[in-house]
Amino acid sequence: MTAFLSKLQSLIDDFAARYDEAATLEWVRALWQSDRWSDYTAFHRTARYVAEELRKLGVQDVQIVPCPADGRTRVQAWTMPLAWEAGTAVLKAVSPVEQVVCDRAIEPLSCVMWCEPTPPGGVRGPLVVVDDIAGVTPEQRQALRGAFLLTSLPARGAMKVFACEVGAAAVVSSFVAHGERHGDKAVFWTNAWADDEGGWALKASDRRMAAFNISNQTAVRLRRLVANAPVVCEAVVGGRIGEGTLPIVVGVLPGQTDEEVLLNGHLYEIGANDNASGTGAILEAARLMAAMDRPRRRVRLQFTSECYGTYAYYTARPELLKRTVAGLNVDGVGERQTERWRQPWYRTPMAAPSAVDTLMRAAFRLTEPLPGCLAVEERAHGLSDNVLCDPAAGVPMPTIMQAPWTWHTNLDDWTQLDPRSIRRGTVAVTAFVRWLAEAGPADADALAADAAAEAVASLGEVADERRAFIADRARAAVLWTERLGATQAAAAARPLEAIDLASLVSEADGGEDERRTVPVRHFWGAPTFDEIPLADREGLADPRWNGPLTAATYWADGRRSIAEIAALIRTEFGRPAADRVARLFRVLQRGGLVSLERRP
C-alpha cells in the first residue's frame with residue numbers, strides 16, 4: 001500500500017469505528033420529515049434545525065444566510081426564484097359525484113411548487129382531458145377557458161404555458177418520471193415552474209398557474225367519470241407567492257490556516273434519499289471531525305438550496321473561492337445498492353482536472369469492504385452543487401450523486417433507505433474531506449505519485465485519437481497537487497506529456513469566423529437562458545443541464561476561440577459540436593453573459 005493509501009486507510013478505519021448509525025439516521029429522518037413539505041416555510045424550519053444541530057456538535061461560526069428570493073436577482077447566469085408559502089390546496093370533484101381528488105395536507109406533493117392561489121372562495125370548472133396540446137383545435141381552445149385540464153403530460157413547461165394561454169383554471173397531471181417503475185400510486189413532485197421547458201424555479205417574469213399532481217390510480221378514476229358524464233371540479237388554493245429569502249446554513253470546523261475545504265449538500269428536496277441522506281451524512285461527518293485536533297485547513301460546511309444557494313453564497317463571498325483548495329458535494333447516499341444499481345460519483349471536469357478524483361476513487365475503493373458495499377460507478381463530470389469546479393471559480397469538486405429509483409416521487413421515503421449505504425457514504429465523505437484538511441507537502445507529493453501512476457496505467461485503454469488529450473488532462477490533474485504544497489508534482493507528471501490544446505482544431509470545428517471569435521465570460525458556473533427570450537435562442541434549449549454546452553463554457557477562458565472550444569468538446573465527448581457551441585455563445589452574448597471579441 002502506498003503512503004497516500006496508507007494514510008487514507010487509517011482515516012477510514014477511524015471513522016468506520018466511530019460512526020454513530022442511530023444519530024445519523026435520526027438526522028436523516030428529521031430532515032426528511034421537514035423537507036417533504038417543500039415550501040419556504042419548511043425551508044426556514046429545516047435551516048433552523050440544521051443550524052441548531054451544528055451548534056450542538058461544536059461547529060463554529062454557524063449562520064443562516066438569507067439569499068434573495070425575489071424572482072429577479074441574477075447570481076452568475078441564474079435568476080433567483082420567487083418565494084412560495086404554501087397554504088390550503090384541495091382539489092375536489094363536485095359533480096356528478098362529490099369526492100376529494102387530492103389534498104396537500106394529506107399528500108404534500110399533490111400541488112406543484114409555486115401553485116397559484118385561487119380567490120378565497122376557490123374556482124369551479126369542467127374537467128377536460130388534454131393529452132395532446134398540438135391536437136387541440138382553435139374552437140376547442142376557446143372551450144378550455146376556466147376548465148381543469150386533466151393530462152398525462154408533465155404539468156410544467158409546455159402544458160403550463162398552454163393552460164395559461166387558454167385561460168384554464170388549473171392543470172391536473174398524472175405524469176410520473178419513470179412511471180413504469182412505480183405502480184399506480186406514485187405522485188410526482190413538480191419543483192420546476194418556469195415557463196421555459198428547460199428552466200427551473202418560478203421567476204418574476206414567468207406566468208402563474210395553479211396545478212395539481214395526482215397518481216395514475218386517481219387519474220384512471222377521473223377519466224372514467226369524464227367518459228360517462230360531464231365532471232365539474234373545484235379547487236381552493238391558499239398561500240403566497242412573492243419576495244422572500246432562501247436560507248442556507250454555513251458553519252466552520254476551525255483549522256490552523258485560512259485555507260478551506262468545502263463540504264456541501266443541498267436541503268429542501270422531498271426525498272429521504274434525495275437529499276436527507278446526503279445532508280444527514282454531512283452532519284455525521286461534522287461530528288466525527290469535530291472530535292479531532294485542528295487540521296491544517298478549516299472545513300466549511302454548507303447546507304444549501306440546490307444550485308441557487310451555492311451560486312448566491314459564493315457570488316456574495318468571492319473571497320472564499322480564492323482560499324478554498326477543494327470541495328465535495330454530497331447528493332444522495334442512502335440508496336440500496338445492487339449489481340445493476342450502484343452508487344455513482346462524478347469527476348472534476350476536463351477543463352479543470354484535479355487529483356482529488358484519485359482521492360475520491362481511493363476513498364470509495366477502501367470503503368468497499370464495509371458490510372453491504374459494492375464497487376461504485378465512476379462517471380464523467382456531471383453538474384449539481386459542484387458548480388465551483390468551473391475553472392473560473394477554481395474549486396475542484398467531485399460530486400457523489402445518485403438519483404434514487406423513486407426520484408422526485410412520494411415513494412422516496414424512509415422505507416427506501418439502506419443504513420449500510422449511508423454508513424459507507426458517510427465514511428468515504430469524511431475521509432475525503434479530512435485528508436484534504438490535513439494534507440501537507442509530503443501528503444500532496446504522495447497523492448501526486450499515485451495520481452500519475454494510475455493515469456499512466458489507464459492510458460492503454462484510451463483510444464489512439466484521444467490518448468494525447470487524456471494524457472495532457474491527467475498531467476494537469478497531477479500538477480494540481482501543487483495547490484496543496486506538493487514539491488515533486490512536476491517529476492511525478494513527467495511521463496504524462498503536455499500538448500498544445502489549440503492543435504486539436506480541425507475543419508470540423510468551424511471556419512474563419514469561429515477561429516477568430518473569442519468568447520469572454522462574465523459569469524462562472526453553468527450557463528442558463530433564464531432572461532433570454534425564446535426568439536433569441538437560435539433553437540437551443542436551456543443549457544444548464546447540458547454536459548457538452550456546460551463544458552464549452554468551462555473551456556471559455558477569454559483566450560480560446562470558438563473553434564478551439566469546439567475542438568475540445570469534440571475531443572472530450574467524441575462528436576462534432578461546432579454549430580451548437582457557436583450558437584451557444586451568440587445566445588449568451590444576447591443575454592449579456594459573454595462578450596464576443598475578434599482576434600486580429
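Heavy atoms only: backbone and side chains are in, while hydrogens, waters and symmetry mates are out.
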Testing the basics here: between Ala147 and Val128, what is the closest heavy-atom pair and its distance to 0.1 Å? CB-CG2, 4.0 Å

Does the side chain of Tyr49 come within less than 4.5 Å of Arg45's, by heavy atoms? no

Here the pair of heavy atoms bringing Phe523 nearest to Leu593 is CD2-O, 3.4 Å

Could you tell me the separation between the CG atom of Leu149 and the CZ atom of Phe162, rounded to the nearest 0.5 Å? 6.5 Å

More than 12 non-hydrogen atoms from neighbouring residues, nucleotides or ligands closer than 6.0 Å to CZ on Arg317, yes or no? yes

Sequence neighbours left out, cut at 3.5 Å: what donor-acceptor pairs do the side chains of residues 77-86 make with other protein atoms?
{"from": "Trp78", "atom 1": "NE1", "to": "Tyr311", "atom 2": "OH", "distance (Å)": "3.2"}
{"from": "Trp78", "atom 1": "NE1", "to": "Ala526", "atom 2": "O", "distance (Å)": "3.1"}
{"from": "Thr79", "atom 1": "OG1", "to": "Glu531", "atom 2": "OE2", "distance (Å)": "2.8"}
{"from": "Glu85", "atom 1": "OE1", "to": "Thr41", "atom 2": "N", "distance (Å)": "3.1"}
{"from": "Glu85", "atom 1": "OE1", "to": "Thr41", "atom 2": "OG1", "distance (Å)": "2.3"}

Distance-only, no hydrogens or angles: does the Arg583 side chain make a donor-acceptor pair with backbone N or O of Glu538 under 3.5 Å? yes

Expected output: side-chain Asp61 to main-chain Gly251 donor-acceptor under 3.5 Å: no

Apply side-chain contact (heavy atoms from CB on, under 4.5 Å) to Asn546 and Arg580, showing your working. CA-CA 11 Å; Asn546 184 298; Arg580 286 194 303 153; 3.7 Å; yes

Are the side chain of Asn275 and the backbone of His266 linked by a donor-acceptor contact shorter than 3.5 Å? yes

Could you tell me whether the side chain of Gln76 reaches within less than 4.5 Å of the side chain of Arg74, counting heavy atoms only? no

Any donor-acceptor N/O pair, Arg537 side chain to Phe529 backbone, under 3.5 Å: yes

Applying salt bridge (Lys or Arg N to Asp or Glu O under 4.0 Å) to Lys185 and not counting sequence neighbours gives none

Can you confirm whether the side chains of Gln217 and Asp184 place a donor and an acceptor under 3.5 Å from each other? no

Are the charged groups of Arg208 and Glu116 less than 4.0 angstrom apart, N to O? yes

Keeping Thr406 on the side-chain end and Thr409 on the backbone end, is there a donor-acceptor pair under 3.5 Å? no

Quick check: does any side chain N or O of Asp542 sit under 3.5 Å from a backbone N or O of Thr528, one acting as donor and the other as acceptor? no

Under 3.5 Å, side chain of His44 to main-chain N/O of Thr245, donor-acceptor pair present? yes

Of all heavy-atom pairs linking Ala210 and Ala169, the shortest is CB-O, 4.0 Å

Could you report the tightest heavy-atom contact between Thr310 and Thr304, atom names first, then the distance? N-OG1, 3.1 Å

Check Arg544 with Asp196, please: is the shortest side-chain N to carboxylate O separation under 4.0 Å? no

Using the ring centroid of each side chain, check whether Trp524 and Tyr314 are separated by less than 6.0 Å. no

Pairwise distance CD1(Ile282) to CD(Glu284) - rounded to 0.5 angstrom: 12.0 Å

Short side-chain to backbone donor-acceptor contact, Arg124 and Val232, under 3.5 Å: no

Identify the two heavy atoms, one from Gln343 and one from Gly332, that lie closest to each other, and give their separation to 0.1 Å. NE2-O, 3.3 Å

salt_bridge(Arg420, Asp418) N-O dist < 4.0 Å: yes

Within 45 degrees of the axis of the six-membered ring of Trp405 and under 6.0 Å from its centre: does Arg181 put its NZ or CZ there? yes

Compare all side-chain heavy atoms of Tyr313 with those of Ser305 and state whether any distance is below 4.5 angstrom. no

Student check: side-chain heavy atoms of Pro398 and Leu328 closer than 4.5 Å: yes

How long is the span from the CE atom in Met209 to the CE atom in Met159, to the nearest 0.5 Å? 10.5 Å

Please test Asp331 against Asp385 for side-chain contact (heavy atoms from CB on, under 4.5 Å), starting from the C-alpha separation and ending with a verdict. CA-CA 9 Å; Asp331 190 354; Asp385 280 296; 5.8 Å; no

Within 6.0 Å of CZ in Arg379, more than 12 heavy atoms from elsewhere: yes

Any donor-acceptor N or O pair under 3.5 Å, side chains Asn273, Ser277: yes

Could you tell me whether Arg36 sits above the aromatic face of Trp32, with NZ or CZ closer than 6.0 angstrom to the six-membered ring centre and within 45 degrees of the axis? yes

Rounded to the nearest 0.5 Å, what separation is found between the CG atom of Asp20 and the OG1 atom of Thr426? 11.0 Å

Side-chain contact, heavy-atom cut-off 4.5 Å: Thr218 with Gln99? no

Without swapping roles, check the side chain of Thr553 against the backbone of Thr550 for a donor-acceptor pair under 3.5 Å. yes

Testing the basics here: between Gly199 and Ala192, what is the closest heavy-atom pair and its distance to 0.1 Å? O-CB, 4.3 Å

Do the non-hydrogen side-chain atoms of Arg240 and Pro117 ever get within less than 4.5 Å of each other? no

So how far is it from Thr279 OG1 to Leu301 CG, rounded to the nearest 0.5 Å? 12.0 Å

When rounded to the nearest 0.5 Å, the distance separating CG of Leu263 from CG of Asn329 is 9.0 Å

Do the side chains of Leu109 and Phe188 get nearer than 4.5 Å, heavy atoms only? no

Within the 4.5 Å heavy-atom criterion, are Lys160 and Asp206 side-chain neighbours or not? yes

Residues passing the salt bridge (Lys or Arg N to Asp or Glu O under 4.0 Å) test with Glu335, sequence neighbours excluded, are none

Is a donor on one side and an acceptor on the other found under 3.5 Å between the side chain of Arg156 and the backbone of Thr190? no

